[in-house]
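Chain naming here is simple, since letters A, B, ... match the order of the sequence lines and numbering starts at 1 in each.
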Protein chains: 2
Amino acid sequence: MTQASNLSLCGKPEWIGRADCRHCAIRKMMLFSSLDESAFDHILEPIDNLRFGPKACIYTQGGDSNSIYSIRNGLVKLTQSLPDGTQRIVRLLGPGAVTGLEALVGEPYHHTLLVCQEVDICRIPIETMIQLENEHPDFSKQVMKYWEQHLNLADRWIIELSSGPIRNRVVRFLLMLLEIKGDQNDTVRLLSYDDMAAIVDTSRETFNRVIADLKSMGLVQKGESPKEVQCDIQGLRALLAP
Amino acid sequence: MTQASNLSLCGKPEWIGRADCRHCAIRKMMLFSSLDESAFDHILEPIDNLRFGPKACIYTQGGDSNSIYSIRNGLVKLTQSLPDGTQRIVRLLGPGAVTGLEALVGEPYHHTLLVCQEVDICRIPIETMIQLENEHPDFSKQVMKYWEQHLNLADRWIIELSSGPIRNRVVRFLLMLLEIKGDQNDTVRLLSYDDMAAIVDTSRETFNRVIADLKSMGLVQKGESPKEVQCDIQGLRALLAP
DNA sequence: CGAGTCCTTGAAATGGATCAAACGCTGTGG
DNA sequence: CCACAGCGTTTGATCCATTTCAAGGACTCG
């Protein structure tokens, strides 16, 4: 799998426009929450607001890192692969998350970023990040919080999604998915079974069987559309306790 | 497992002395590599240099974070546990690594830090970190590198030590251990089998059997002391390739 | 020397992988 | 509007890797 072939798979983004950070409705939960409106007065490099469809590839492992990304809406997966071909999904990011931080320390991208569910995302050139760090001393604090967030997610991925019997992993995955999407209700849109299997390091078939079990136990029910499910959060948690 | 009981297990450190960062022989590879000697002229809070024996507990998950630690020598493990009792080793740190960074963002410690092999470590109060960050603007850059280092290790833990068949994980673990200890030769001191099993999420018995296999293939050989082994690095790598 | 702790090995039980085939969508073209 | 192709999901049956249980061995410390 060469880089070129990867890039060729990359979806065509829809350019929504120059991001209007000043009036961004959700700025408080985003990267720029610590900045006041005037900070955006004389930004040299433009921040673009983009939309990508499912399966689009936003950046590629090993590729030149010239921007970081802030997710306004949707769901993306970070995958990593080893020289010997082993590949795994190492993170799932939803609204409010920031990715591509390695750009700030001069590293190429460490992951490939692929869209799971239609995503609304802002691309911030590193030049802009550097500028903001210089002009607003507190901004570094905010950035450090995002490093910490990634590290926490990675740690959770290890204990919650990569340890113990598959059933526990699947249950924790469902709970995590509910958490990532942000809003309060108990329904989620599942990913493809191949993706979900890659997340908990199992086979599509096994993942499927576990979900079937949970359905038969009444802990997971069909939702409106196919792929939508309604979860009994307490019940799922209870499975983990004993 | 209450916190109190954990703390009671904590080993008694040997206090070596106030750290003499200025003349630290290995400063170039450590946290303070970007600072010049004069930076240490008027540090308000003291940096202590400590030594802990195997099984000592240096800090505890959920505990008040008031210092970060810089490892000069030895080997420590970071473990994390879930409310339901699941527990796993999530990182292994050797010479040059820094841990407890969450102290810098006001979080309690996210892990429990336990000694695997006798460790020589410096404890740096967060006040000192804040002071250095204020006086030396570039210091934040250095700190960010350590966030990145942890994140890289966590990612590697996911793909290399938590994915695929156990044998591959064991092989990758051996290679990683060789890498962590830093020096160039191909011998390592193994950890306890329970620890190593917890690292690759398997049972002690299975881990043991895999090692036995590798020995019979001649890829791993008994070293001087028991626990010391000599590895055929190329041979081990070759196992992963096909 | 004996007790404790950790390592090693064997045999049986099981969870999960793999292979194979059927099913059910969704979109396309006749 | 229906038929069919294509893709992803579901289910069953078999096989194998890994876990678990059990017991014997080796090293370490007092």
Expected output: side-chain [X] to main-chain [Y] donor-acceptor under 3.5 Å:
X	Y	value
W157(A)	V200(A)	no
D48(B)	L50(B)	no
K77(A)	I199(A)	no
S216(B)	D213(B)	yes
Y146(A)	A97(A)	no

Could you list by number each residue of residues 192-205 of chain B showing a heavy-atom separation from DNA chain D of less than 4.0 Å, or answer none if no residue does? T202(B), S203(B), E205(B)
For K215(A), does the NZ atom sit with more than 12 other heavy atoms under 6.0 Å from it, leaving out its own atoms? yes
Decide if atom NZ of K222(B) counts as having more than 12 heavy atoms of other residues, nucleotides or ligands within a radius under 6.0 Å. no
May I ask you to verify if any side-chain N or O of K227(B) is less than 4.0 angstrom from the OP1 or OP2 atom of dC6(C)? no
Quick check on dT9(D): is either OP1 or OP2 less than 4.0 Å from any side-chain nitrogen or oxygen of N208(A)? no
Return the value, rounded to whole Å, for the distance between atom [atom1] of [X] and atom [atom2] of [N].
X	N	atom1	atom2	value
F207(A)	dG15(C)	CZ	P	19 Å
I166(B)	dG15(C)	CD1	P	16 Å
D213(B)	dA17(D)	CG	P	11 Å

Mutual orientation of the aromatic rings belonging to F173(A) and F207(A) [parallel < 30°, tilted 30-60°, perpendicular > 60°]: perpendicular
Taking only N/O atoms, report every protein-nucleotides 28-30 of chain D pair under 3.5 Å with atom names and distance.
none

Checking dT9(C), dT18(D), dT11(D) against the side chain of R209(B) (C-beta onward), the nearest is dT9(C)
